[in-house]
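One structure is given below, encoded as structure tokens.
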Amino acid sequence: MIQSLFFVLFTHFAVGLIFITLFISLAEIGRLYFRVTTGVAFVLILLALLASPFGLMSSNFKGVEAGLPLKAAFLLFCVSLALIAVFNLILPRHHKKILVAILVSGLLGVLFYSETARAAIPFVEWWAMMLNTISSTLMLGAVLGAMITGHWYLVQHKLSLTPLKISARIYVFAVLLRIVSVAAALLWASKTVASAGWFALDFRGYFFIARAAIGLLLPLVFGWMTWSAVKIGSTQSATGILYATVVLTLLGETFGNVLFRMTGIPM
């Protein structure tokens, strides 16, 4: 379980970070920003593969626990690592096209891996799992990307607010999408056996309250605070808020993954 959790969090952070990097102007912010964001994504994916969930790194994928989706996820993330290396070697040539290729391979990787998790719980609907995976990836990557973007204003005082505004907007959108995905999963679960006793005030119920408060409501409030700080040009305040938001988001997604394994509801 711990290996799988590390794999999910690291890959979601990495792929979401590539997504947000696509919306930042190279001409405006400079090459170093892109080298840093893609470098962070490279390290995160590498750490995820080294976590070796379900024997992922075992030689020639022996064992029924590997399966086709897990093999595909492993190969797709290897492709992402290779593309990131190429991206940094030839930057700035074709940088948008290569970023799109990295994003596509990484996103397919997380979707294939989520299919492996869904297969272990047959009653989970495909759409609920995919929406959960995409929204989690976007939220984790958006908050990390926004925090990295905020750091650029500590050394480039004449940089326009556009990159940070874009990052903050994407993050707020990502939180709202995450809330919608969790609400949709709970609505679906209310019509299934998986929801029996869900709202009882027991360990599971308290765990869900913590997940919702720490991982959804507070990040939304902090996202609004970040956007408010950016609008008045207070980049240091926005970056400081994003530091705390990264921690909250990480805790919330960790709780969500644990709850999925406890209840079978993707949240």
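Throughout, numbering of the chain's residues begins at 1 and tracks the sequence.
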- Task: Please name the pair of heavy atoms, one in Leu81 and one in Leu46, separated by the smallest distance, quoted to 0.1 Å.
- Result: CD2-N, 4.2 Å

- Backbone N or O of Ile148 within a donor-acceptor pair of the Tyr33 side chain at under 3.5 Å? no

- Least distance between heavy atoms, Gln156 atom then Ile29 atom: NE2-O, 3.8 Å

- Message: Please enumerate all residues that pass ring-ring contact (aromatic ring centres under 6.0 Å, His included) together with Phe112, with sequence neighbours excluded.
- Response: none

- Query: Do Phe19 and Thr137 come close enough that some side-chain heavy atom pair is under 4.5 Å?
  - Reply: no

- Using the rule that two of Ile, Leu, Val, Met, Phe, Trp, Tyr join whenever any of their side-chain heavy atoms come within less than 4.5 Å, decide whether Tyr153 and Ile232 are in one cluster. no

- Donor on one side chain, acceptor on other, Thr249 and Arg178, under 3.5 Å: no

- Task: Using salt bridge (charged side-chain N to carboxylate O under 4.0 Å, His left out) as the criterion, list what pairs up with Arg211, not counting sequence neighbours.
- Result: Glu253

- In terms of heavy-atom contacts, Ile45 and Ser80 come closest through CD1-CB, 4.1 Å

- Note on the structure: With sequence neighbours left out, the residues meeting ring-ring contact (aromatic ring centres under 6.0 Å, His included) with His94 are none

- Query: Is any side-chain heavy atom of Phe13 closer than 4.5 Å to a side-chain heavy atom of Leu250?
  - Reply: yes

- Query: Are the side chains of Phe260 and Val124 in touch, meaning some heavy atoms are under 4.5 Å apart?
  - Reply: yes

- Task: Measure from the ring center of Phe7 to the ring center of Phe77 and say whether it is less than 6.0 Å.
- Result: yes

- Taking Ser136 for its side chain and Asn132 for its backbone only, find out whether a donor-acceptor pair lies under 3.5 Å. no

- Message: Looking at Lys165 and Lys231, would you say the former's side chain and the latter's main chain have a donor-acceptor pair under 3.5 Å?
- Response: no

- Is Leu176 linked to Leu217 within one hydrophobic cluster, defined over Ile, Leu, Val, Met, Phe, Trp and Tyr using a side-chain heavy-atom separation of less than 4.5 Å? no

- Query: Mind checking whether His151 and Tyr243 have ring centres under 6.0 Å apart?
  - Reply: yes

- Please check if atom CD in Glu28 has more than 12 non-hydrogen atoms from other residues, nucleotides or ligands closer than 6.0 Å. yes

- Is Ile166 close to Thr149 at the side-chain level, that is, under 4.5 Å between some pair of heavy atoms? no

- Over 12 non-hydrogen atoms of neighbours within 6.0 angstrom of CH2 in Trp224: no

- Do Leu99 and Phe34 have side-chain heavy atoms sitting under 4.5 Å apart? yes

